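Predicted model, so just to flag it, every value in this text is computed and none were measured.
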Amino acid sequence: TFRAPIDKCDVLPQHGCCQYMDGQTGGAQNGPATPWHPLLHAPVPSCGTGPGSPRACIGDPMNFHLANLEPLPSAVLMRRDASTAQHCDRVGAMALALATLLGFSDAQLRVIGVAAHMHDVGKIGIPDAILRKPGALNAQEWAVMREHSARGEAIIRADQTLTQRDEAAAIVRHHHEHYDGSGYPDGIGGEEIPLAARLLSVVDSYDAMTESRAYHRVRSHQEALAVLESERGSKHDPLMVELIRSCDASWLIGLQLAK
């Protein structure tokens, strides 16, 4: 069960954003401004790159978590549909960064790293006519597309060498559940949905909206946040919406571009 520390995420204020605080270095007495999250009272993981850079707090664990992935499904998904595979990479980077902010343990981060990067692997089994359709899907096609979360769960559970595969599989299965119980595949809601799946749902939606797709235009950061806000308490956990809204746009976009 994923539970973040109470003092960090049980209740978030209605205002605030990730911002740079002059001289704030997360404990050092002096130094350059460092991203600081006022809602969680913790330094914000950087999206910088290079040896010794602040990105090490994301990059190094990310490499460790990805080492636990079964390489074949990821490679097949890239050949099957490169845009979906790239989407999974971006969602993985953002989900892991936000999970770090929420205080997930190393073991929990390893699980969400696997689940986020593999959350759409079930689309391997979706027919090309649906997966690559250059337009909106009809009701029958959506019914087939919605099978991908359960298919992804089955793929992950089938890998007997994957550490904590049951936890990762559950996150993949439930990342399209809605907070009000109207999602799929099981129609569960609220805290019945694993916390990591609720986080993944928000990040998945954000990336999908800010990416060009055949059936919708690219939305800006602010437009995507407005949609997420409109879905607070219905599609998405209010806490997860507040978390992503509180983060600096350049930080989130940097995580996407890094992938």
With the side chain counted from C-beta on, respond yes when [X] and [Y] share a heavy-atom pair under 4.5 Å apart, and no when they do not.
{"X": "Arg146", "Y": "Pro185", "answer": "no"}
{"X": "Glu223", "Y": "Arg217", "answer": "yes"}
{"X": "Met94", "Y": "Ile244", "answer": "no"}
{"X": "Phe104", "Y": "Leu195", "answer": "yes"}

For [X] and [Y], work out which heavy atoms get closest and say how close.
{"X": "Val218", "Y": "Glu211", "answer": "CG2-C, 3.8 Å"}
{"X": "Val203", "Y": "Val91", "answer": "CG1-O, 3.8 Å"}
{"X": "Ala168", "Y": "Val114", "answer": "CB-CG1, 4.2 Å"}
{"X": "Gly92", "Y": "Ala116", "answer": "CA-CB, 3.6 Å"}
{"X": "Trp142", "Y": "Leu137", "answer": "CD1-O, 3.4 Å"}
{"X": "Glu177", "Y": "Gly187", "answer": "OE1-N, 3.0 Å"}

Interatomic distance, [X] atom [atom1] to [Y] atom [atom2] [nearest 0.5 angstrom]:
{"X": "His148", "Y": "Ile130", "atom1": "NE2", "atom2": "CD1", "value": "12.5 Å"}
{"X": "Ser149", "Y": "Lys123", "atom1": "OG", "atom2": "NZ", "value": "10.0 Å"}
{"X": "Leu102", "Y": "Leu199", "atom1": "CG", "atom2": "CG", "value": "6.0 Å"}
{"X": "His117", "Y": "Asp89", "atom1": "NE2", "atom2": "CG", "value": "5.0 Å"}
{"X": "Asp207", "Y": "Arg90", "atom1": "CG", "atom2": "CZ", "value": "4.0 Å"}
{"X": "His176", "Y": "Leu200", "atom1": "NE2", "atom2": "CG", "value": "8.0 Å"}

Can you tell me how the ring of His119 sits relative to the ring of His87, calling it parallel under 30°, perpendicular over 60° and tilted otherwise?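 Aromatic pair His119/His87 classed perpendicular.
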Residue from Glu229, His178, Glu231 passing side-chain hydrogen bond (donor to acceptor under 3.5 Å, both in side chains) with His236: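 Single side-chain hydrogen bond (donor to acceptor under 3.5 Å, both in side chains) partner of His236 among Glu229, His178, Glu231: Glu231.
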Between [X] and [Y], is there a shared hydrophobic cluster once you connect ILVMFWY residues whose side-chain heavy atoms come closer than 4.5 Å?
{"X": "Leu98", "Y": "Ile193", "value": "no"}
{"X": "Val227", "Y": "Met240", "value": "yes"}
{"X": "Trp251", "Y": "Leu96", "value": "yes"}

Is the backbone N or O of [Y] less than 3.5 Å from a side-chain atom of [X], with the two atoms forming a donor-acceptor pair by type?
{"X": "Asp186", "Y": "Ile188", "result": "no"}
{"X": "Ser201", "Y": "Ala197", "result": "no"}
{"X": "Glu141", "Y": "Asn138", "result": "yes"}
{"X": "Ser246", "Y": "Leu243", "result": "yes"}

List the steps and the verdict of side chain to side chain contact (heavy atoms under 4.5 Å, CB included) for Arg245 and Arg232. CA-CA 11 Å; Arg245 286 183 68 249; Arg232 177 197 291 261; 3.7 Å; yes
Run Asp237 and Val202 through side chain to side chain contact (heavy atoms under 4.5 Å, CB included) and show every step you take. CA-CA 8 Å; Asp237 181 346; Val202 167; 5.8 Å; no
Working note: Met209 + Leu228, criterion side chain to side chain contact (heavy atoms under 4.5 Å, CB included); need CA distance, chi angles, decisive distance, verdict. CA-CA 10 Å; Met209 287 187 284; Leu228 293 176; 3.8 Å; yes
Run Thr210 and His221 through side chain to side chain contact (heavy atoms under 4.5 Å, CB included) and show every step you take. CA-CA 7 Å; Thr210 55; His221 170 76; 5.6 Å; no
So, are Arg198 and Glu191 salt-bridged, with charged N and O less than 4.0 Å apart?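 No, no charged N to carboxylate O under 4.0 Å.
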